[in-house]
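Worksheet for the structure shown next.
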Amino acid sequence: MAFKTGDRVFVASLRRDGKVTSVTKDGKFQVLVGALSVSCSESDLTEAPKEKKSKSTIKAPARVHSALSPVKDVKALERVDLHGFTVVQALAEVEKRIDRAIIADLDRLEIVHGIGTGRLLDSIHKYLAKCSVVASFKVDAVNPGVTWVYF
């Protein structure tokens, strides 16, 4: 089946529904899965199941395990402790954890950066301000060594 821009699809490798945003010249499909844009081959896509319109269905969140998220406990993704990291290491870890949190469909992430000199806090906040998947972020009111990130 040939998919086109705007089609709802199911991405088998992520076990998530998405929407085709573009088709490249080499036959790859750019698919928006939540806030994450992924490149897929047609063999990884199937037509998304039709949504049932029901008044009282409560859908349990799906556990997602993929090559990007080899995590057994999704709760472990909700917090990242950056004590002892350099700025470069911390930014790489924050980027990785945000990707995993989006794939796991989490609504927030706790970043423990400590107080120290403030270099980690400043660098992380500058990164978060530019990150398109981040809806908002704030320093914890009780612990200024923690920043909460919301998707």
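Numbers for residues simply follow the sequence, beginning at 1. Any value given below was found using the heavy atoms of this structure, including those in side chains, with hydrogens, waters and symmetry copies removed.
- For the pair I115 and P144, the tightest heavy-atom approach, listed with the atom from each and the gap, is CD1-CG, 3.9 Å.
- With hydrogens and angles ignored, the 3.5 Å screen pairs a side-chain donor or acceptor of D7 with a backbone N or O of K4.
- Of the candidates I103, T21, V31, V38 forms a side-chain contact (heavy atoms from CB on, under 4.5 Å) with just one, namely V31.
- The CD1 atom of I124 sits 6.5 Å away from the CG atom of L91 when rounded to the nearest 0.5 Å.
- For the atom pair CD of E93 and OG1 of T86, the computed distance is 11.5 Å after rounding to the nearest 0.5 Å.
- Side-chain contact between T147 and L128: present, with at least one pair of heavy atoms (C-beta onward) separated by less than 4.5 Å.
- The heavy-atom pair separating V87 from S123 by the smallest distance is CG1-OG, 3.3 Å.
- Grouped by direct or indirect side-chain proximity (heavy atoms under 4.5 Å, Ile/Leu/Val/Met/Phe/Trp/Tyr only), F10 sits alone.
- Hydrophobic side-chain contacts under 4.5 Å tie Y150 into a cluster, directly or through other members, with V112, V146, W148.
- In terms of heavy atoms, F29 sits closest to F3 at CE2-O, 3.4 Å.
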message: As a quick check of understanding, evaluate side-chain contact (heavy atoms from CB on, under 4.5 Å) for L121 and V139, giving each step before the final call.
response: CA-CA 9 Å; L121 172 91; V139 174; 4.0 Å; yes

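- Looking at every heavy atom in both residues, A135 comes nearest to F151 through CB-C, 3.8 Å.
- With sequence neighbours excluded, no residue forms a salt bridge (Lys or Arg N to Asp or Glu O under 4.0 Å) with K25.
- For G114 against H83, the heavy-atom pair with the smallest separation is CA-NE2, 3.7 Å.
- Between K96 and D99 there is no salt bridge, since no side-chain nitrogen of the basic residue lies less than 4.0 Å from a carboxylate oxygen of the acidic one.
- Note that the CD1 atom of I98 and the CG atom of L106 stand 11.5 Å from one another [nearest 0.5 Å].
- Here the closest heavy-atom approach between residue L82 and residue H113 is recorded as CB-CA, 4.4 Å.
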task: Would you please test C40 and K28 for side-chain contact (heavy atoms from CB on, under 4.5 Å) and show each step?
output: CA-CA 6 Å; C40 303; K28 294 282 187 179; over 6 Å; no

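- In terms of modelled atom types and a separation under 3.5 Å, the side chain of R97 and the main chain of I111 share no donor-acceptor contact.
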